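Below is one structure, written out as C-alpha cells; the observations come after it.
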There are 2 protein chains.
Amino acid sequence: MADVAAAAGVSAMTVSRALRRPDTVSEEVRARVEEASRRLGFVPSRVASALASARTMTVAVLIPSLTNAVFIDLLAGVQETLSPQGYQPLVGITGYGPEAEERVLRTQLAHDPDGVILTGLDHTPGTWDLLRSLTIPVIHTMDLAAEGEHSDCPVQTVGFSQYDAGYAVGAHLAARGRRRIGLIAGQLDPRTRQRCDGWRQALRDAGRHDPALELMVPDATSVALGAELLERTLAAHPDTDALFLCNDDLAQGALFQCVRLGIPVPERLAVAGFNDLAGAAWTVPPLTTVATPRRAIGVEAARLLIAGMADRTPKSRENPRRVDLGFRLMVRETT
Amino acid sequence: MADVAAAAGVSAMTVSRALRRPDTVSEEVRARVEEASRRLGFVPSRVASALASARTMTVAVLIPSLTNAVFIDLLAGVQETLSPQGYQPLVGITGYGPEAEERVLRTQLAHDPDGVILTGLDHTPGTWDLLRSLTIPVIHTMDLAAEGEHSDCPVQTVGFSQYDAGYAVGAHLAARGRRRIGLIAGQLDPRTRQRCDGWRQALRDAGRHDPALELMVPDATSVALGAELLERTLAAHPDTDALFLCNDDLAQGALFQCVRLGIPVPERLAVAGFNDLAGAAWTVPPLTTVATPRRAIGVEAARLLIAGMADRTPKSRENPRRVDLGFRLMVRETT
DNA sequence: GCCTCGTTTGTTAGCGGTAACATGCGCTCC
DNA sequence: GGAGCGCATGTTACCGCTAACAAACGAGGC
C-alpha cells in the first residue's frame with residue numbers, strides 16, 4: 001500500500017480511502033490511486049484490514065452435513081447472497097451432533113466472523129452461552145422458534161414448521177382414504193422428529209394412528225436404506241396401504257423397491273416423501289412429497305444477517321424475527 | 001492475551017508459546033497458562049495470528065457449482081482432511097466459467113490463503129499468470145495434466161483420465177454388441193468433452209462411430225433434461241440401441257423416460273451413465289455407470305496441499321506430482 | 001477582510017498476535 | 001573455577017491496514 005501511495009503521490013491512508021470508499025476522495029486522486037494500484041497489481045490484505053477495522057467480512061455457516069442435498073441448497077442460497085456483498089462464508093460441518101456443533105462453532109469464532117448462521121435450534125447449553133455472549137448477529141435456520149421459547153436468549157429464525165409439514169402429509173394420506181398408514185424415518189434429528197410428530201397428530205385426528213406402523217431408525221438415510229426399510233415394514237405389516245418416508249432419499253429407495261417387488265404404487269401402497277429433491281418429479285410414478293424452501297431460507301437468512309452486520313448497533317437482538325417461509329405439499333401420482 | 005499473561009504471571013510471548021507449541025515451555029508454566037486461559041475464556045485471534053505469522057490457516061477451494069454432487073463429494077473430501085489439521089476451507093463457486101473463476105480466485109487471494117485447490121485445468125491466461133506468481137502450493141483436481149503440458153508452469157494434478165473413462169464406456173457398449181450407439185451430453189465443460197472424446201475414439205476403434213448419434217447441448221444437466229434428450233434422440237434416430245449419457249442425472253432421467261415410454265432396458269436400449277451417484281445402483285434396472293473417486297481426489301489433494309504448506313520451501317513446484325486415482329466401470333443391468 | 005465551516009488529505013497510534021533476537025540461569029566439562 | 005552450552009523466558013519491533021484526530025485549504029457570510 002505504501003508503494004501505491006508513493007506511486008500515486010499520496011499517503012497510505014488516502015490509498016485506503018480511495019479503494020474502499022471512493023466517494024470520500026477527490027475524483028482526481030481516486031483516478032491516480034486506481035491507476036497506480038492496478039499497475040502495481042496491488043491487492044489489499046483482508047487480514048490486515050480485518051485486524052485494523054474489526055470486520056473480517058466472513059460469516060460462519062454451520063450445517064450438519066455436506067452429503068444431504070437439503071443443506072447444500074441452504075448453503076447455496078447463503079453463498080449466492082453473501083458473495084456479491086463481499087462476504088466470504090466459512091463452512092463448518094457438525095455431523096448432526098450438538099457437541100460437535102459447539103466445537104466447530106468455537107473454532108469458527110476464532111476467525112472472528114461478522115455473523116453466524118446455524119442449522120436448527122438444538123444446541124448444547126455451552127453453545128447457547130457462547131451465542132449469548134456474542135455481539136455479532138446470529139440466525140438459526142430450517143426451523144422456527146416457538147413463541148416464548150428461548151426467552152432467555154432472543155433468537156432469529158428463518159425456516160418453516162416441520163411439524164405442520166408432517167401434519168400435512170399425514171392428513172393428505174388419510175384424506176386419500178388410506179387406513180393402514182405407516183411411517184419410515186431415519187437420521188432422527190430434531191427436525192425429522194417434529195415432522196413425525198406432526199404426521200402422528202394428523203393420523204390421531206383422523207382416528208387412524210397405529211404406533212406399530214412406525215419404523216424409526218437412527219441410521220443415516222439413503223436410497224438403499226429406503227429399500228431395506230420398505231421390505232421390513234411390509235414383512236411385519238403386509239396390510240400397510242400408505243407410507244410416509246421422512247425424506248426423498250428413503251422414498252425413492254422405497255419406490256424402486258416397490259417396482260422390484262411388483263407392488264403397484266399407488267393402487268396397493270401410497271408413498272409420500274419429504275423435501276422434493278431434484279428427481280422426485282421424475283420417478284415412475286412421480287413422487288408425492290413436500291417442497292421445502294431450502295434455498296430461499298439460505299437467501300433470507302443471509303439477507304437478515306447482512307442487515308444485522310451493517311448497523312453495528314445490534315438492535316435486532318431486542319427485536320427477534322421469526323420468518324416462516326412455509327412449504328408446499330406436492331401431490332403427484334404416488335398417492 | 002495480555003490479561004492471560006498477567007493472570008499466569010508470564011509475558012504475552014510465553015502465553016503464545018504455551019498455547020501453540022506446548023513443548024517449548026516448561027510443564028509448570030504451560031499448566032498455569034492453560035488454567036488462566038480457560039478461566040478467562042481466552043480465544044486467540046486467528047486474524048492477528050495470521051497477520052503476524054503470515055499464515056492464515058485457510059485454503060481456497062474453487063469448485064464450479066454447489067448443485068452438482070460430484071463437486072460436493074470433492075469438497076467433502078477436502079473438508080474432512082483439512083479440518084482436523086486446523087485449516088479452514090474458503091469455498092468459492094465459479095459457475096463453470098474460467099472468467100468467473102479468475103474473479104473468484106482474486107477475491108479469495110485477498111484473504112491470503114495458505115494454499116489453493118482448483119477444479120480442472122481450464123483457466124484463463126490471467127489465472128495462469130496469477131498462479132505462476134503465487135508462492136503458495138496449488139493443486140488442480142478432477143483432471144490430469146498431460147505430459148509436457150503447461151511446461152511453463154509446473155502443475156500438480158490429482159484426478160483421473162476423463163478420456164480413458166469415456167473410452168471405457170464406449171468400448172463396453174461396443175463389446176455388448178450394440179451397433180447404433182448414441183451420446184447425450186450437457187454442461188459441456190472440458191471434462192465432459194474429454195469423456196466424449198474418449199467415447200468417440202472407442203467407437204471409431206470399433207468401427208461403429210456415427211456423428212449423427214451425438215447430441216450435445218450446453219444446458220446444465222438435470223434429470224428432466226435427460227428425459228427430454230432421450231425423446232429427442234429416439235425421435236431422430238429410432239434405431240439407436242445404446243446410449244452413453246455423460247452423467248448420472250441425465251442417465252436417470254433417460255431411464256425414467258424409457259420406463260414411461262415402455263422401452264425395455266437393456267433389451268431394446270442399453271443405457272450407461274457417469275459418476276455412479278448415490279442412487280445409480282438402485283434404479284430399476286440398476287444403472288451401468290463409471291464410479292469416479294471424487295471424495296478420494298479431495299482427500300488426496302488436501303493431503304498434498306498440507307504437505308506443501310508445511311514446508312515453506314516450495315520444492316513441490318519443481319517436482320510436480322500427477323496423481324491418477326483411476327475410475328471403475330460399474331457394469332450393472334442397464335447394459 | 002476576517003471568521004466559520006465543509007471538504008480533502010495527512011499523521012499518529014494502534015488492532016492482537018508472533019519472529020527474531022537477547023537474556024538469565026543451571027549444567028557439564030576441562 | 002570459569003568457559004561454553006542449552007533451555008526457558010523476556011524484549012523489541014514489527015505484520016498491513018484503518019479509526020480518530022489534526023491540518024490545510026477554499027468558499028461563503030457578515
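Just so it is clear, the model here is predicted, and its values are computed rather than measured. Order of the sequence lines fixes the chain letters, A, B, ..., with proteins taken first and strands second; residue numbering starts at 1 for each chain.
Evaluation of the salt bridge (Lys or Arg N to Asp or Glu O under 4.0 Å) test over residues 60-88 of chain B, restricted to residues two or more places apart or in two chains, returns B/D73-B/R294, B/E80-B/R295. Residue pairs satisfying the salt bridge (Lys or Arg N to Asp or Glu O under 4.0 Å) criterion with at least one member in residues 100-112 of chain B, sequence neighbours excluded, are listed as follows: B/E102-B/R106. Identified under the salt bridge (Lys or Arg N to Asp or Glu O under 4.0 Å) test for residues 19-29 of chain B, with sequence neighbours left out: B/E27-B/R30, B/E28-B/R32.
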Show every donor-acceptor pair shorter than 3.5 Å between a side-chain atom in residues 302-310 of chain A and any protein atom, with sequence neighbours excluded, or say none if there are none.
residue: A/R303; atom: NH1; partner: A/E300; partner atom: OE1; Å: 3.2

Can you list, pair by pair, the side-chain donor-acceptor contacts under 3.5 Å of residues 4-17 of chain A, counting residues two or more places apart and other chains?
residue: A/S11; atom: OG; partner: A/T14; partner atom: N; Å: 3.4
residue: A/S11; atom: OG; partner: A/T14; partner atom: OG1; Å: 3.2

Which side-chain N or O atoms in residues 62-72 of chain B pair as donor and acceptor under 3.5 Å with protein atoms at least two apart or in another chain?
residue: B/S65; atom: OG; partner: B/T67; partner atom: N; Å: 2.9
residue: B/S65; atom: OG; partner: B/T67; partner atom: OG1; Å: 3.0
residue: B/S65; atom: OG; partner: B/N68; partner atom: N; Å: 3.4
residue: B/N68; atom: OD1; partner: B/V70; partner atom: N; Å: 2.9
residue: B/N68; atom: ND2; partner: B/Y96; partner atom: OH; Å: 3.3

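Scanning for salt bridge (Lys or Arg N to Asp or Glu O under 4.0 Å) contacts around A/E35 gives A/R39, with sequence neighbours left out. With sequence neighbours excluded, the residues that form a salt bridge (Lys or Arg N to Asp or Glu O under 4.0 Å) with B/D129 are B/R132.
Close approach of DNA chain D to chain B, defined as any atom under 4.0 Å from a non-hydrogen atom of the protein, starts and stops at D/dA8 to D/dG16.
Exactly one residue among B/H123, B/Q156, B/R322 makes a side-chain hydrogen bond (donor to acceptor under 3.5 Å, both in side chains) with B/H140. That residue is B/H123.
Applying a 4.0 Å cut-off to non-hydrogen atoms, the residues of residues 36-50 of chain A that approach DNA chain D are A/F42, A/P44, A/S45, A/A48, A/S49, listed by residue number. Remark: B/M13, B/S16, B/R20 in residues 11-29 of chain B come within less than 4.0 Å of DNA chain C through at least one heavy atom.
Comparing the local axis fitted to the first five base pairs of the helix from C/dG1-D/dC30 to C/dC30-D/dG1 with the one fitted to its last five gives a bend of 40°, rounded to 10°.
A/L51 has its CG atom 9 Å from the P atom of C/dG17, to the nearest Å. Between the P atom of C/dG17 and the CZ atom of B/R55 lies a distance of 18 Å, rounded to the nearest Å.
Annotation: side chain of A/T157 is not in contact with side chain of A/R321 (no heavy-atom distance under 4.5 Å).
Between B/D3 atom CG and B/L40 atom CG the span is 6.5 Å, to the nearest 0.5 Å.
Nearest heavy-atom pair across B/V61 and B/P89 is CG2-CB, 4.1 Å.
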